[in-house]
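Remember, it's a predicted structure, so these values are computed and weren't measured experimentally. Just follow the structure's listing: the first ligand is 1, and inside any ligand the first atom is 1. Below, each value reflects all heavy atoms present in this structure, side chains not excepted, and no hydrogens, waters or symmetry copies.
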Amino acid sequence: MYKEKTSSQWKNLDASYHLHPFTDFQEYQSSKGRIIEKAEHIYIYDTDGKKYLDAMSGLWCCSLGYTQPAIGEAVANQFNQLPYYNNFFQCSNAPAAELAERLVKISPKQFTHVFFTNSGSEANDTNIRLIRRYWDLKKQPKKRYIIARSNAYHGSTIAAASLGGFKSVHDQFETLPYTSHIIEPNWFTEGENHSSKDFGIIAAQELEKRIDEIGEANIAAFIAEPIQGAGGVIVPPSSYWPEVQRILNERDILFVSDEVICGFGRTGSMFGCETYNTKPDLITFAKAVTNGFQPLGGVLVNDRISEVITKDGGEFGHGFTYSGHPIACAAALATLDILEKQNFVSRVANDIGPYLQSKWHELSDHEIVGHIRGAGMLGSIELVRDKITNERLEPDQKAGGICREFCIANNLVMRAVGDSMIISPPFVCSHEDIDLLIERARKSLDQTAAYYNV
Ligand code: PMP
């Protein structure tokens, strides 16, 4: 156990030794951030005694909030029974076997198998390995390219970050040479003078064009999130996914639905591909599968791929020490029990999701809100100075960070992606929790407007 310290001692200790993900290290030396010390329901508390409404479910993972003792009990029981064993060398463990079956049963009918990892990034690396193996075994070794989208987030390993579409990230390492990015279906930033519907078709047809440019014989797969999360909760126009699926139906390429954020009910269906009626060959999952309480990710594999890699593949040279970790799998089983028994997916579709969306969209009357997107338990707001021209509050999309600081001051965790303010609240929110979220968001928007003299 750690020794008790004062809040400033914790901050100094952390700033002295700890390098944080996606953080400006020098800035952190002076800002020293916040040390989160406890949580309950949808609220987190820092060591300064401040209580925040967490509208991000941690990092899109604690869909069931922070108070779920049954998951802790499952973890403790599994710890006492079998705290670790690996899944190499013809071995398995009960929670891994049961979870694999359970995930196949709750996924669309084409899915037959699961490969476990510890994270979404590793799951997307696994996808690349599975895809390559599949095409090699199908005697089409030229099929290598994976098409992804700008502003997509698929993780932080070299492979997953190459699939991702953040230029600032790509500038910091050598990306894999066989990835290619098309535009994201973000009508607000990319739609020019097109209607949302027309733009959805145009953005989808970028896929068709890119397939033809590179040559279908060289394309292995297309990877996409149903709703791009970390890119700014980009809810695509309704015309987008039907057109993408039409293109995929006509082409012999695999489709990966990265459901690390959209999986397990976030869009109002168990998986986002069901909300949008797409037919993936592989599904990436992580995060909410354990409510974020244990690290676990993986890939759902469809019949077409599992048949080929099983029948002809020999040994698959890939896997992790903690693939199918018994404690993580036990946490996932307990999470799915709660999700299913308490009907959270239907709560998102029919109650708390629509309530959030109606309240969130009321913010569109605010003077600095240029555009609002949302679906299920996801939402985003574009900050602007001028609602007609969509001129931003200041160049270089700095206003999001300013607004985020006001949110923090107002005891609300809302994330900024450039000038998009995004939320992904837990499904356990009451209507009153949502009202409080909106009240604090509106106050933060008012303060941001005042800061910019709007
Ligand atoms: N895919 C998506 C869509 C994600 O949002 C994330 C993480 N935010 C990842 C993959 C990577 O997951 P992890 O951080 O667990 O590696």
**OP:** Work out whether the distance between some heavy atom of E122 and some atom of ligand 1 is less than 4.0 Å.
**Re:** no

Original post:
Any nitrogen or oxygen of D258, main chain or side chain, under 3.5 Å from a nitrogen or oxygen of ligand 1?
Top reply: yes

Original post:
N/O to N/O below 3.5 Å, does that happen between E225 and ligand 1?
Top reply: no

Identity and separation of the nearest protein heavy atom to [atom]:
atom	answer
atom 2 (C) of ligand 1	Y153 O, 3.2 Å
atom 15 (O) of ligand 1	G120 N, 2.9 Å
atom 14 (O) of ligand 1	S121 OG, 4.3 Å
atom 5 (O) of ligand 1	I261 CD1, 3.2 Å

In terms of the angle between their ring planes, are [X] and [Y] parallel, tilted or perpendicular, with boundaries placed at 30° and 60°?
X	Y	result
Y84	H325	tilted
F115	F316	perpendicular
F320	H318	perpendicular
F285	F116	perpendicular

Original post:
If you draw the axis of the six-membered ring of Y45, does the NZ or CZ of K51 fall within 45° of it and under 6.0 Å from the ring centre?
Top reply: no

List every atom of ligand 1 that sits less than 4.0 Å from any heavy atom of [X], numbering the atoms from 1 in the order shown and giving each element.
X	value
S119	15 (O), 16 (O)
G155	9 (C), 10 (C), 11 (C)
H154	1 (N), 9 (C), 10 (C)

Original post:
When you check the gap from the basic side-chain N to the acidic O, do D351 and R347 get nearer than 4.0 Å?
Top reply: yes

Subject >> E101/K105 ion pair, N-O < 4.0 Å >> reply: yes

